[in-house]
Every structure is written in C-alpha cells, then in structure tokens.
Amino acid sequence: MKISYHGHSVVQIATMDNKKIIIDPFVKGNGLTDLKVEELEVDVIILTHGHNDHVGDTVEIAKKNDALVIAPYELAVYIGKHGINVHPMNIGGAYQFDFGTVKLTQAFHGSSYEEKDGTVIYTGMPSGVLFTSNEKTIYHAGDTSLFSDMKMIGEHHSIDLAFLPIGDNLTMGPEDAKLAADWLKAKKVVPIHYNTFELIKQDPQIFINMLPENKGLLLDVGEKYDLSHT
Ligand code: NI
Ligand code: MN
C-alpha cells in the first residue's frame with residue numbers, strides 16, 4: 001500500500017492492486033493542496049465527517065470518476081441524493097470491500113454540511129477510519145479530540161501508520177496528538193490538519209520532535225510513502 005499527503009486532511013492511498021482511494025478530498029479552497037479536481041483519478045472516496053473542509057469536492061470527483069463514496073450513514077444518504085454510488089457505514093462497523101477493509105471509529109467532533117445558500121445539513125456522527133489492505137493498516141483519525149479509547153483501538157489493531165490532526169483549536173493539538181500516538185501504538189505517525197487556516201497554525205516539526213525517534217513522519221504536500229517500508 002502506498003500513501004500520499006495532500007494538505008489539510010487529504011490522503012491518497014494506492015493499494016497493491018492499484019485501487020485508488022482518497023480520504024476527505026478537500027481540494028478547491030484548500031490553499032495547501034497540490035491536487036486538481038479535474039486531474040484526480042479515484043475509485044473510492046472515504047469521508048470522515050460532513051464538514052466542508054472534509055467533504056470538499058466529493059460530489060464532483062465521484063461523478064467524474066464514477067467513484068464509490070463510503071461515509072457515515074447520514075452523510076452517505078446526503079451524498080447519495082446527488083446520484084452518487086454510496087456505501088453507508090457507522091461507528092464500530094467494519095466492511096470488507098474488494099480493495100480492503102474499512103472500519104469506522106469514533107471521533108469527538110461535530111458533523112454537518114453547509115450548502116452554498118447557507119443551509120446546514122445534519123450529517124450524523126463524525127468518525128475516524130481504519131483501513132486494512134494486504135496486511136497493512138492505516139488509521140485516519142478525522143477531526144477529533146484526544147480520547148482514551150484510542151488505547152483500545154491501539155490494542156485491537158496493529159496500526160502501521162496513523163494520520164493525526166495537530167492543528168489545535170478545532171481538533172487535538174500537538175501535545176494531545178503525542179499522547180494519541182503513544183496510545184495507538186502506531187508504527188509511524190503523520191501530522192495532518194494544520195496550517196490550512198490561521199486558527200490551526202502549527203510547526204509540525206515540533207510535534208515530530210516530541211515523538212520517539214523514527215516514529216514521526218513529516219510528509220510534505222504531494223509526498224508519497226510506501227508502507228512496505230514499515
Ligand atoms: Ni471538522
Ligand atoms: Mn476539519
């Protein structure tokens with residue numbers, strides 16, 4: 001499994017079978033990203049929650065690529081109303097797809113989508129994502145605070161790589177994310193959800209320096225990482 005980071009919470013995954021997955025494809029309006037909606041090739045979109053900086057360009061990308069959208073139930077129903085192929089899930093549930101297994105985990109956060117006219121849509125519970133393919137597991141925490149059940153997630157899943165928000169203000173900050181990294185027992189930890197907006201400004205290197213040696217993995221925007229190294 002190969003992963004790449006694209007600013008904010010955007011992560012792309014290519015499985016060994018070369019299935020192309022994107023998590024939280026916030027492209028337009030994401031000042032950090034290197035991606036362009038019209039150039040994206042995607043088979044599957046996974047959404048952690050309904051906030052606009054995570055749903056992003058899901059509808060356009062899904063239509064263009066005839067992609068499957070996997071999301072928490074209420075968000076999946078909402079996305080499905082746009083004529084898109086959706087797969088609803090909920091926290092604690094896992095499902096084995098042909099490209100790997102997706103399991104949603106809890107996240108302590110909000111979840112709603114704001115339409116262009118200001119209408120706010122309820123999109124269910126926010127979540128994190130465990131994705132396993134070819135015996136490698138990644139965890140994308142979505143937007144969340146630190147929560148002690150991360151210990152349980154770490155005990156029951158062997159996490160090769162975890163994407164953790166460090167921006168503070170709206171999610172965990174660096175100190176809490178450091179504890180999360182310990183509790184999850186992840187082999188590698190990649191900081192996400194920082195520097196996109198003034199409210200979430202952080203120096204990610206400070207976070208990396210808090211972690212044990214070789215545990216932190218600071219990915220530049222567009223940088224790839226091959227999980228067969230972990
Ligand atoms: Ni959010
Ligand atoms: Mn967010």
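We number each residue from 1, following the sequence as shown. Every number for a ligand or one of its atoms is a count from 1 in the order of the listing.
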inquiry  = Nearest 10°: the angle subtended at the Ni ion (ligand 1) by H109 NE2 and H49 NE2?
reply    = 100°
task = Have a look at the Ni ion (ligand 1) and estimate, to 10 degrees, the angle subtended by OD2 (D143) and ND1 (H51).
result = 170°
ask   = Would one find an N, O or S atom of H8, in either backbone or side chain, under 2.8 Å from the Mn ion (ligand 2)?
value = no
ask   = Got a sec: is H193 within less than 2.8 Å of the Mn ion (ligand 2) via an N/O/S atom?
value = yes
ask   = What N/O/S atom of D143 is the closest to the Mn ion (ligand 2)?
value = OD2
query = With the Mn ion (ligand 2) as the point of reference, which N/O/S atom of D53 is the closest?
reply = OD2
H140 versus I23, closest heavy-atom pair with distance = CD2-CG2, 3.6 Å
message = Give me each pair satisfying ring-ring contact (aromatic ring centres under 6.0 Å, His included) with a member in residues 201-223, each pair once, sequence neighbours excluded.
response = none
remark   = When K81, E115, E74 are each screened for side-chain contact (heavy atoms from CB on, under 4.5 Å) with I121, the one that passes is E115
ask   = Under 4.0 Å between a Lys/Arg side-chain N and an Asp/Glu carboxylate O for K20 and D43?
value = no
query = Are L227 and Y225 close enough that some pair of their side-chain heavy atoms sits under 4.5 Å apart?
reply = yes
